[in-house]
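Read through the structure below, which is laid out as structure tokens, and then see the notes.
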Amino acid sequence: MSTEDRPPAPRSLAEALRARGDAALGALLRSRPDLITPVPTDLTQLATRAGTRASVVRALERLDRFALQTAEALAVAADPATYGELLGLMAGDDADPAVVAALPHAVDLLREQALVWGDDDRLRLVRTARELLAPSPQHPSPTGLGPTVQEATAGMSPGRIQEIVAAAGLASTHDSVSAVTALAGLFTDRARMAALLADAPADSVEVLERLVWGPPYGQVTADPAPRLRWLLDRGLLLPTAPGTVVLPREVALHLRRGLAHRAPEPVPPVVETAAVHRPQVVDSAAAGQAYTALATVEELLKDWDEGGPAVLRAGGLSVRDLKRTAVALDVPEPAAAFWVELAYAAGLIASDGEADERYAATPAYDEWLEQPPAERWSRLVTAWLAATRTAGLVGGRDAKDRTLSALGPGLDRSAAPEVRHRVLALLAGLPEGAAPAAGSVLARLRWERPLRGDRREDDLRGRLAEWALSEAEQLGVTGRGALSAQGRALLGAPAAPAPGPEAEPSGPGDKLPVHHHHRPAPLAPLSPAEQAVASAAAARLLAPLLPEPLDHVLLQADLTAVAPGPLRRPLADMLGVLADVESKGGATVYRFTPGSVRRALDAGQAASDLHAFLAAHSRTPVPQPLAYLIDDVARRHGHLRVGAASAYVRCDDDAVLSEILADKRAAGLGLRRLAPTVLAAQADPAGLLEGLRAMGFAPAAESAEGDVLITRALAHRTPPRTAPEPVPDGPPVPDDTLLAAALRAIRAGDLASTTPRKPGTGPAANGELPRTGAAETLATMQAAVLTGEALWIGYVNAEGAASQRVIAPIRVEGGFVTAYDHTADEVRTYPLHRITGVAELADDAG
């Protein structure tokens, strides 16, 4: 393309955006969705918004390390800079081939993000980004560079500048500006600079070497040592404040051989493979963890079935309740916090909202229990992927030094879902069955988002990644550290890359330390609809791997029953009433006791029912001791009857009542005989039942009609509750519909604001609305209907929002104008009283 045919260089970011096509503008709005919240009126407003501090900081935070290093290099380059100058700063004199290859993509990315604009011969970093990244005494640059010679000598006396120029071997000048220019020219001339430093004392060179990679500032006394005096006399160190000197940027770049950064990182760190397992081993291990996860959540909810721990006044669980929950689940406290938070994120538990507020299962828990195991697992992991509540923070401190409690406030971290997804996506890029080295995963994440970790004392992003790896293993998304087939399906990931020959295990379960050099393509987070499809696919893959529930147990002579695997729900529920769980693991051991048998009788079961139940579900004969235990408890069960007087005891055998009255343990019950077969008590019925059972009797409660009351554990449920909404990490990425509408509105607004107007017919194109009287507006509209010309109007809608529009009037009547609206690309009708004014367009307006 000849110079005459080349389009003029943009003079501003707005002009650079105006030259973009819809695809490029759409890419900008997708990567920086805060720019269309709300939709800007035109491209000038879009450019202004793209340069605001909050938006620029957010965009810089989302750059990878090399793109950020490129922006930092532009911040210390001339403004504008050529691509060649930028390449010199990034690749150095040696022209690192990896940097040379990666730099065009980094510059394109910065352009796409509207952080850089201009052609390759005039690259400009947006002003706000330059202010954030350029070096200053208060905010040192990550490059370690200091100010330029011109910046460091600002305010220095002309005489002192001439002394420095003379000591450096340069000819004196008539003014300070040319002297500073000559000094900067010396420092940027490699040959002359090398000759100057060749005469420097060795200890002076040592001083420069200590400052060259930053920080560039040093302290000097009022009478500097000779090695410092030699440098100060020649301007190789320049004073910035009393007692402080700085290494000028040009000197540092010479000593660095042109590099702005000590270690440019054009290539992301490799995710290393720590071990390789057979895929079947990984999937089986993950399925085992998935089954354990389901059992743990069920056990937690069963423990809270009749009402869980109280809600603290500030919200959340107390430390004591978390410890009790950890003991009940037989897990460490951090793991207990994770399971509690997971059940909450899935909408299975919530606070009941009553005066004495407690945590309890929600109605959704009962629905969840009825689903197949694989679908229940799918619901848990889907909630985990999207949750912003972070269980790993439990026990820590917030900004006000208050303890963060499970289910309490302050646990949301908006970056958590993105980090979880990215960690799993990195695992999805490894060969099937490969487990990564955790350190290499963290290093990769720090390269992809360097600012978030580097600027904070505690690397939250790194901790989120560590928690993600641990939680994925607990949930069965990974097995033995490697992503399972169901985990891959959960992400909507394609099939894993085939492992190389060095990654093949030599036998079942073998692990080989290998290094993985495959760089996976980034996996985009799924939309809710896509995630539902992916979760269903993951459940289908998991279902065949889960153990099949059993319909039998093994009864033993020591009053125990062994469940060799998971039990079907009706069997497990009934056995949980009839016996107490003694131990868990691969097989669950239940123990039958008088209390557990009485619990089953209280629930309405007869002794014959219990015998039939055990005979039907035991693969071994019912042991005689167990049959005797059931019969013995049943024979005494209900022999005593407790009702409401305040409370009474009645029994057909007056000798039994005499025995109770004579027992010293009955003193606290306040018993007295009303009749040979009836005792009255001061205690309430529940207290009387408990007291008599403690004395070894087996009373049964009765109703006012004398019928035995069936006591069942009433499950306590909260009112219907929705799962907690994740806290968004900024505005959502616009979908295609919103993006198309936003682009159309911005283009139309830009057309209205930049269309040329005839001189004298309205204000200049500076964003002001045209202002004309009602009569002039009407006359101009009627004339445009006859001539078919387009007009520029200002319009205020019913909500008071003002806009500029280009219209071609078709009809004017009844106080309305009907026109083709070029801005909206459709025919519309506008009330004349809402039109602020009208202006004719220039004859050559396109």
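Residue numbers count from 1 along this sequence. For the numbers below, each heavy atom of this structure counts, side chains included, while hydrogens, waters and symmetry mates do not.
- Between Ile746 and Leu29, some side-chain heavy-atom pair lies under the 4.5 Å cut-off.
- Scanning both residues, Val796 and Ala802, for their nearest heavy atoms gives CG2-CB, 4.2 Å.
- Of all heavy-atom pairs between Thr836 and Tyr795, the closest is OG1-N, 4.4 Å.
- Contact annotation: the side chain of Thr143 never approaches that of Leu89 to less than 4.5 Å [non-hydrogen atoms, C-beta and beyond].
- With a 6.0 Å radius and a threshold of 12 heavy atoms from other residues, nucleotides or ligands, Arg122 has its CZ atom at or below the threshold.
- Atom CG of Leu237 and atom CG of Leu247 lie 6.0 Å apart (nearest 0.5 Å).
- With sequence neighbours excluded, the residues forming a side chain to side chain contact (heavy atoms under 4.5 Å, CB included) with Leu491 are His421, Leu424, Ala428, Leu483, Ala493, Leu523, listed by chain and number.
- A 6.0 Å sphere centred on CD of Gln150 holds no more than 12 heavy atoms belonging to other residues, nucleotides or ligands.
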Which is it for Asp736 and Arg30 under the salt bridge (Lys or Arg N to Asp or Glu O under 4.0 Å) test, yes or no, and what are the steps along the way?
CA-CA 10 Å; Asp736 292 342; Arg30 282 189 188 279; 2.3 Å; yes
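- With hydrogens and angles left out, the side-chain atoms of Ser172 and Gln162 include no donor and acceptor closer than 3.5 Å.
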Test Arg413 against Thr388 for side chain to side chain contact (heavy atoms under 4.5 Å, CB included), laying out the working first.
CA-CA 5 Å; Arg413 296 295 181 271; Thr388 54; 5.9 Å; no
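- With 3.5 Å as the limit, one finds a donor-acceptor pair spanning the side chains of Arg32 and Ser55.
- With values rounded to the nearest 0.5 angstrom, Asp42 atom CG is found 11.0 Å from Ser803 atom OG.
- Distance check, rounded to the nearest 0.5 Å: OG1 of Thr70 to CG of Leu74 gives 7.5 Å.
- At most 12 heavy atoms of other shown residues, nucleotides or ligands fall within 6.0 angstrom of atom CZ in Arg11.
- Of the residues listed (Val205, Leu236, Leu208, Leu211), the one engaging Leu255 in a side chain to side chain contact (heavy atoms under 4.5 Å, CB included) is Leu208, and it is the only one.
- By the 4.5 Å heavy-atom criterion applied to side chains, Asp459 and Arg446 are counted as neighbours.
- Within the 4.5 Å cutoff, the side chain of Val149 has no heavy atoms near those of the Val251 side chain.
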Taking it one step at a time, do Ser31 and Gln113 satisfy side-chain hydrogen bond (donor to acceptor under 3.5 Å, both in side chains)?
CA-CA 7 Å; Ser31 60; Gln113 300 268 323; 3.3 Å; yes
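- With hydrogens and angles disregarded, no donor-acceptor distance shorter than 3.5 Å links the side chain of Thr153 to the backbone of Met156.
- Interatomic distance, CG of Leu197 versus CE of Met193, reported as 4.5 Å (0.5 Å rounding).
- Salt-bridge check for Arg744 with Asp22: failed, with every basic side-chain N at 4.0 Å or more from each acidic carboxylate O.
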Before you tell me yes or no, could you show the steps for Leu125 and Asp79 under side chain to side chain contact (heavy atoms under 4.5 Å, CB included), namely the whole-Å CA-CA distance, both residues' side-chain angles and the distance that decides it to 0.1 Å?
CA-CA 8 Å; Leu125 192 64; Asp79 185 28; 6.0 Å; no
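- Closest non-hydrogen pair, Pro10 versus Gly118, comes out as CG-CA, 4.3 Å.
- Thr128 places a side-chain N or O within 3.5 Å of a backbone atom of Gly51 that can act as its donor or acceptor partner.
- With contacts defined as side-chain heavy-atom distances shorter than 4.5 Å, the pair Thr181/Thr173 does not qualify.
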Start with the C-alpha gap between Trp117 and Glu15, add the side-chain angles, then the distance that decides, and say whether side chain to side chain contact (heavy atoms under 4.5 Å, CB included) holds.
CA-CA 9 Å; Trp117 58 276; Glu15 286 191 10; over 6 Å; no
Apply side chain to side chain contact (heavy atoms under 4.5 Å, CB included) to residues Leu46 and Leu25 and explain how you reach the verdict.
CA-CA 10 Å; Leu46 176 64; Leu25 268 184; 4.1 Å; yes
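- Residue pairs meeting the salt bridge (charged side-chain N to carboxylate O under 4.0 Å, His left out) criterion with at least one member in residues 167-189, sequence neighbours excluded: Asp189-Arg192.
- To the nearest 0.5 angstrom, His254 atom NE2 is 8.5 Å from Leu196 atom CG.
- Counting only distance, with no hydrogens or angles, the side chain of Glu85 and the backbone of Ala81 share no donor-acceptor pair below 3.5 Å.
- Asp64 places a side-chain N or O within 3.5 Å of a backbone atom of Phe66 that can act as its donor or acceptor partner.
- Pairing each heavy atom of Trp792 with each of Gln804, the nearest pair is CZ2-OE1, 2.9 Å.
- Under the salt bridge (charged side-chain N to carboxylate O under 4.0 Å, His left out) criterion, the residue pairs touching residues 250-270 are Arg65-Glu265, Asp94-Arg257, with sequence neighbours excluded.
- A donor-acceptor pair under 3.5 Å is formed between the side chain of Thr188 and the backbone N or O of Ala184.
- Using a 4.5 Å heavy-atom cutoff, the side chains of Met90 and Gln69 are in contact.
- With no hydrogens or angles considered, a side-chain donor-acceptor pair links Thr44 and Arg18 at under 3.5 Å.
- The minimum heavy-atom distance between Leu739 and Pro734, with the atom names listed, is CD1-CG, 4.0 Å.
- Between the CD1 atom of Ile807 and the CD1 atom of Ile835 there is a distance of 5.5 Å, given to the nearest 0.5 Å.
- No donor-acceptor distance shorter than 3.5 angstrom exists from the side chain of Arg805 to the backbone of Ile793, with no hydrogens or angles considered.
- Between Ala106 and Ala67, the closest heavy-atom pair is CB-CA, 4.3 Å.
- A donor-acceptor contact shorter than 3.5 Å links the side chain of Arg130 to the backbone of Ala75.
- For Arg127, the CZ atom sits in a loose shell: 12 or fewer heavy atoms of surrounding residues, nucleotides or ligands are nearer than 6.0 Å.
- A heavy-atom distance below 4.5 Å is found between the side chains of Leu133 and Leu60.
- Contact annotation: the side chain of Arg444 never approaches that of Val441 to less than 4.5 Å [non-hydrogen atoms, C-beta and beyond].
- Other residues, nucleotides and ligands contribute at most 12 non-hydrogen atoms within 6.0 Å of the CZ atom of Arg53.
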